[in-house]
Amino acid sequence: MEQCACVERELEKVLHRFVMYGHQSEERLDELLRSVCEIRAQLVAFGVQDADLSVLSQNMAQCCKNIKETVQMLASRHKDIHGSVSKVGKAIDRNFDAEISAVVAETVWDTPERQKYLSESIVEHLYRQGMLSVAEDLCQESGVVIDMSMKQPFLELNRILEALRMQDLRPALEWAVSNRQRLLELNSSLEFKLHRLYFISLLSGGIGNQMDALQYARHFQPFASQHQRDIQILMGSLVYLRHGIENSPYRSLLETNQWAEICNIFTRDACALLGLSVESPLSVSFASGCMALPVLMNIKQVIEQRQCSGVWTHKDELPIEIDLGKKCWYHSVFACPILRQQTSESNPPMKLICGHVISRDALNKLTNAGKLKCPYCPMEQNPSHAKQIYF
């Protein structure tokens with residue numbers, strides 16, 4: 001992050017100079033244009049014969065001198081900007097490694113099967129982003145065949161999201177109503193939030209929509225037990241409809257960030273119903289790689305300096321563990337091999353120093369006199385060194 005901040009500072013300097021250069025150029029050029037227009041007006045008004053040629057000559061000479069000085073000044077400052085732009089390039093070269101192939105296994109994409117997996121991941125990411133035509137072109141060029149059953153959910157998802165971005169709630173409401181039971185099983189509040197936002201859009205229309213808003217309030221009935229407080233606030237806002245909601249204590253109902261929030265909620269719940277992750281595997285992999293790359297580059301440099309290249313053989317395991325944060329933690333259901341119990345939030349899986357994983361309950365039962373002997377290898381270790389790997 002420090003490298004990015006350094007480059008960003010240099011970039012801000014360049015942008016500031018560009019802005020200042022633009023303002024100063026406009027001011028000087030406007031001054032010159034006014035001078036030229038004044039001389040032209042004198043010539044038109046009095047004519048060359050009636051005008052004082054000596055005064056006119058001095059004015060024209062001064063104007064030409066000002067033009068020349070302005071051109072030289074602008075050219076000089078333009079060269080200074082070029083110097084600042086080159087500093088940005090030098091900052092990038094100084095803070096980032098142009099060559100990162102040293103930390104990548106050369107054979108990672110060497111088989112047609114792996115290349116097929118990569119292409120499928122890119123196509124799925126493009127479908128998620130709504131870039132359907134680009135995904136189709138990639139399928140044709142790479143020879144990847146995508147089943148229509150995989151494509152159709154993304155088409156519907158992007159259609160509804162595009163409507164939400166245009167502040168059209170009807171497609172999302174139709175989808176939520178048709179999937180009401182499945183959403184309730186997920187304990188989702190998507191349908192209520194959509195009805196709430198539609199009700200607020202009616203309120204923003206003023207007193208003319210009062211009857212429509214009252215009639216639409218009937219949609220809140222199925223959610224009265226779970227969202228009673230929110231419904232009370234919505235109904236209380238009707239009192240101020242004549243004077244405008246924006247001039248009332250309920251002005252927060254009109255905040256524009258609600259549309260971005262409803263898009264995120266819809267994406268999360270729709271992906272959950274489809275059995276998909278909220279973010280595409282490609283974007284998660286890319287983000288993880290960006291976080292891990294600086295550490296891997298440092299490791300590679302240390303290995304080369306100490307001449308111990310055998311430590312890292314480009315297999316599936318890294319020489320050290322890299323913490324990517326809880327956002328990048330993914331897991332399947334884990335059952336403790338000792339107690340034969342599925343782990344939970346109160347009994348999470350614990351990773352021992354030796355690499356074996358057991359549940360916390362098993363860890364506590366195996367601990368004796370502040371020491372723990374791994375049941376799968378003879379390594380004796382301190383139980384406090386065990387690391388929680390989920391929850």
Side-chain angles (χ1 to χ4, degrees), residues 127-130 152-280 326-327 333 344-346 391:
Y127 279 138
R128 283 172 175 264
Q129 300 298 315
Q152 186 60 38
F154 294 116
L155 296 176
E156 185 179 16
L157 188 104
N158 281 288
R159 178 182 65 84
I160 297 173
L161 278 175
E162 188 62 30
L164 286 175
R165 294 188 185 104
M166 300 295 292
Q167 300 189 1
D168 181 7
L169 291 165
R170 296 185 187 279
L173 279 168
E174 292 172 0
W175 182 90
V177 170
S178 63
N179 292 278
R180 176 178 294 172
Q181 188 58 42
R182 297 175 66 191
L183 289 171
L184 290 175
E185 292 173 0
L186 291 174
N187 197 26
S188 169
S189 60
L190 174 64
E191 186 180 354
F192 169 74
K193 288 184 178 294
L194 288 169
H195 285 304
R196 175 182 177 274
L197 197 54
Y198 192 88
F199 185 84
I200 292 172
S201 67
L202 291 174
L203 294 180
S204 62
I207 193 65
N209 290 339
Q210 185 175 21
M211 291 305 299
D212 292 338
L214 285 170
Q215 291 178 0
Y216 193 83
R218 297 173 182 174
H219 290 88
F220 295 137
Q221 185 177 357
F223 313 100
S225 59
Q226 290 182 313
H227 303 280
Q228 181 179 359
R229 178 58 180 164
D230 290 330
I231 295 173
Q232 288 174 346
I233 292 173
L234 292 172
M235 301 311 295
S237 65
L238 290 170
V239 178
Y240 296 89
L241 198 57
R242 185 176 299 278
H243 302 287
I245 301 298
E246 64 277 4
N247 302 318
S248 73
Y250 297 93
R251 66 177 67 92
S252 60
L253 293 176
L254 303 178
E255 291 180 353
T256 56
N257 60 357
Q258 295 179 103
W259 289 99
E261 180 185 357
I262 202 66
C263 287
N264 293 333
I265 294 173
F266 172 78
T267 302
R268 181 195 65 199
D269 292 350
C271 288
L273 290 188
L274 295 172
L276 300 170
S277 59
V278 177
E279 298 183 57
S280 72
K326 289 190 176 182
K327 187 179 179 181
V333 175
S344 62
E345 189 170 353
S346 59
F391 300 112

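Just the heavy atoms: all of them, side chains too, but no hydrogens, waters or symmetry mates, feed the values below.
- Residues S204 and I245 have side chains not in contact (no heavy-atom distance under 4.5 Å, counting atoms from C-beta outward).
- Using a cutoff of 4.0 Å between basic side-chain nitrogens and carboxylate oxygens, R165 and E162 are scored as salt-bridged.
- Applying the 6.0 Å contact sphere to CD of Q232 captures more than 12 heavy atoms from other residues, nucleotides or ligands.
- Annotation: side chain of N187 is in contact with side chain of Q226 (closest heavy-atom distance under 4.5 Å).
- Considering only heavy atoms from C-beta on, Y198 comes within 4.5 Å of R170 through its side chain.
- The line from CD of E185 to CG of L273 is 9.0 Å long, rounded to the nearest 0.5 Å.
- Only one option out of L197, D168, L194, L190 pairs with L173 in a side-chain contact (heavy atoms from CB on, under 4.5 Å); it is L194.
- Applying the side chain to side chain donor-acceptor pair (under 3.5 Å) test to N179 and every residue at least two apart in sequence or in another chain returns nothing.
- Atom CZ of residue R128 and atom CG of residue L161 lie 11.5 Å apart, to the nearest 0.5 angstrom.
- Between E156 and I160, some side-chain heavy-atom pair lies under the 4.5 Å cut-off.
- Atom CZ of R159 has more than 12 heavy atoms from other residues, nucleotides or ligands within 6.0 Å.
- Between L203 and Y240 there is no side-chain heavy-atom pair separated by less than 4.5 Å.
- Listed by chain and residue number, E191 satisfy the side chain to side chain donor-acceptor pair (under 3.5 Å) test with R180 (two or more places apart in sequence, or in another chain).
- The ring-ring contact (aromatic ring centres under 6.0 Å, His included) with F199 is formed by just one residue from the set F223, Y216, F220, Y250; it is F220.
- Contact of the Q167 side chain with the S201 side chain is not registered, since no non-hydrogen atoms from C-beta on lie closer than 4.5 Å.
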